[in-house]
Amino acid sequence: MHTGGSGDGYTPDPRRWRALSVCLVGGFMALLDVSIVNVALPSIREGLHASDSALQWVVSGYALAFGLLLVPAGRFGDMKGRRNAFVAGVALFTLASAAAGLAQGALWLVVARIVQGAAGGIINPQISGLIQQLFRGAERGRAFGLLGATVGISTAIGPLLGGLLIQAAGVAEGWRWVFYVNVPVGALAIGLAYRFIPKFCDDQRRKESFDPVGVVLLAAGVVLVLLPLIQEEVWVGQGKWLLLVAGVAVLGGFVAWERRYTRHGHPMVDLGLFRRRSYALGALLGLAYFAGFTAIFFIFTLYLQQGLHYTALQAGVATVPFALGSAVSASLGGRVVTRVGRALIAIGLGLVAIGLVGVEIAVELVPGRHDGWATALPLLIAGIGSGLVIAPNQTLTLAEVPVVGAGSAGGVLQTGQRIGAAVGIAVVGAVFFATVAATGGDFALAFRHGLWVTIGFVLISLVIALIDVRASRRAAGREPASPGVATGSPPDGARAGGVDRSRQEPALDQPTLFDA
């Protein structure tokens, strides 16, 4: 029984911060493996004599499976209990990591990576769902701030950690330790999850059908959309883009099915969420931002390793300023987002754009092997901005989502981010490689051209944020004054990014797992 004197049936669980720490460890592992493998690809090629196609699938197989499982896994956690789902995901991820490290051939490694990606897709929506369950108000913002720091650090520091492991274990076998490192961490996370994540997180579950038709339609649509984007460099010809068109059509069928299913039960995705401005614009902003955010490190590590002949470790060190800036600002952003709202995200996006323009200028003015140092300060600025985007956007986007559907709502949000990342890598990568081919190997120019495309994605995100800020101010101006509060001066923290928190909390509190 988790009721208390707050009057709304909610009493903070004393284990909530330790439970969050365990969740972040699992999330860190899953997100780290998105980027850590990039610097290990030359080592994998040498160790397993892998073909270019196999190396592509080592990366893309993980991303595809990860994106495919996010929404169904969020739904599964809503139905069967988020602690159970989290532990199952970590256990599968740990086993798949061990299998990847033991791989004796390229096919073995590809299969292990696909299973690993599926496990990562199971883990991540449970984290946002558990944060929704365990935290309220300003504490929820701080919790999402720590999650945002984890996302930023894991993505940016992956190349550094991979470089360190390869440097220590040698090029031929060092890639195995990129996967082995997850085994003890995963085993520890499983034990701590049962100790610190409260049992009541599994007590209240949805009793309805799993919506199997919706699962199949969404899975097919996501695969058809992601596959040509992920395989853009491997599959020659224009026929692959027909899969993208087919994917959009299947997703349209999924939307139609979910609308029909709503009349008979609880759909896998509550399409009513997209009628809320906070959720619809937040999801769109996340898709656009991840298209630029993820692509930065894709082309930067390629430029440093292939163009400037940096070692894996040197390329990893060059990404550290971004990770440091993101870590510091994400924690701060989580603390103030409920007061500042979507304007904080707009400020962060502005800093990211300024930082990336600074990177472009640094590469132009300081050509050669000193680029790793010349880009440190602008990458730090971009990292500070990124920390003010990812976590605050997740906080505001999920602010009005009822706790019982938090897992599937978080899964939809992250699926959009995965699709955005795939789009960004495909588009930016195409520009990068086309420039390399056209210039006979001018990697600096190729990086700068690709960088301008990523800046374009960031500016699109900024426009979306500004639209939401303007709409929020208009909505606040139309709100009637609360008793004892002057018109146009909502209570501190009551509204953030258009979210009226005085109205939101009752929606969040009925029903919750704390009311069992």
Side-chain angles (χ1 to χ4, degrees), residues 35 38-39 151-160 163 288-330 345-390 420-421 424-425 427-436 439 441-462:
S35 62
N38 288 337
V39 296
V151 173
I153 293 172
S154 60
T155 303
I157 212 168
L160 172 62
Y289 181 67
F290 269 75
F293 166 69
T294 310
I296 294 169
F297 302 102
F298 176 66
I299 61 172
F300 191 47
T301 54
L302 283 173
Y303 167 53
L304 294 177
Q305 289 187 275
Q306 296 184 12
L308 300 183
H309 306 292
Y310 275 36
T311 66
L313 178 59
Q314 289 172 329
V317 169
T319 67
V320 169
F322 189 100
L324 291 176
S326 179
V328 172
S329 63
I345 300 171
I347 293 170
L349 288 166
L351 288 174
V352 173
I354 291 170
L356 294 184
V357 170
V359 170
E360 200 279 342
I361 293 172
V363 172
E364 182 178 5
L365 296 181
V366 189
R369 288 184 57 83
H370 296 295
D371 276 359
W373 294 106
T375 57
L377 179 59
L379 279 178
L380 177 65
I381 295 171
I384 291 171
S386 186
L388 299 178
V389 175
I390 297 175
I425 290 175
V427 174
V428 175
V431 171
F432 179 88
F433 290 117
T435 306
V436 170
T439 59
D442 190 340
F443 282 89
L445 183 61
F447 174 66
R448 288 168 53 204
H449 285 180
L451 195 58
W452 278 113
V453 179
T454 67
I455 292 170
F457 282 121
V458 172
L459 292 178
I460 291 172
S461 305
L462 178 58

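Start at 1 with the first residue, then count along the sequence.
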Discussion item. Main chain of Val431, side chain of Thr435: is a donor-acceptor contact present, judged purely on distance under 3.5 Å?
Written reply: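 Yes; at least one donor-acceptor contact below 3.5 Å.
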Item to complete: Please answer whether the main-chain N or O of Ala323 pairs with a side-chain N or O of Ser326 as donor and acceptor at a distance below 3.5 Å.
Response: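 Absent.
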Discussion item. The test is side-chain contact (heavy atoms from CB on, under 4.5 Å); show your working for Leu160 and Leu313 and say whether it passes.
Written reply: CA-CA 6 Å; Leu160 172 62; Leu313 178 59; 4.0 Å; yes
Any idea which heavy atoms bring [X] and [Y] closest together, and the distance?
X	Y	answer
Gly358	Pro378	C-CB, 3.6 Å
Val458	Leu349	CG1-O, 3.7 Å
Ala318	Leu379	O-CD1, 3.5 Å
Glu360	Leu451	N-CD2, 3.4 Å
Ile460	Ala288	CG2-CB, 4.1 Å
Pro321	Ala376	CB-O, 3.3 Å

Worksheet item: Parallel under 30°, tilted from 30 to 60°, perpendicular over 60°: which one fits the rings of Tyr289 and Phe293?
Response: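 Taking Phe293 first and then Tyr289, their aromatic rings lie parallel (interplane angle under 30°).
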Fill in: Beyond-backbone contact of Val366 with Trp373, side-chain heavy atoms, under 4.5 angstrom
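No, every pair of side-chain atoms sits at 4.5 Å or beyond.
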Worksheet entry | Verdict with reasoning, Val357 to Trp452, per side-chain contact (heavy atoms from CB on, under 4.5 Å) | CA-CA 8 Å; Val357 170; Trp452 278 113; 4.3 Å; yes
How many angstroms lie between atom [atom1] of [X] and atom [atom2] of [Y], to the nearest 0.5 angstrom?
X	Y	atom1	atom2	result
Leu351	Leu388	CG	CG	6.5 Å
His449	Thr454	NE2	OG1	13.0 Å
Phe322	Ile384	CZ	CD1	10.5 Å
Thr375	Ile361	OG1	CD1	13.0 Å
Leu324	Leu380	CG	CG	7.5 Å
Tyr303	Leu445	OH	CG	10.5 Å

Item to complete: Answer with yes or no after comparing the ring centroid distance for Phe298 and Phe432 against a 6.0 Å cut-off, counting only values under it.
Response: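 Judged by ring-centre distance (under 6.0 Å), Phe298 and Phe432 do not meet the cut-off.
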Fill in: Check: Tyr310/Thr301 side-chain N/O donor and acceptor closer than 3.5 Å
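There is no such pair (donor and acceptor under 3.5 Å, judged by atom type) between the side chains of Tyr310 and Thr301.
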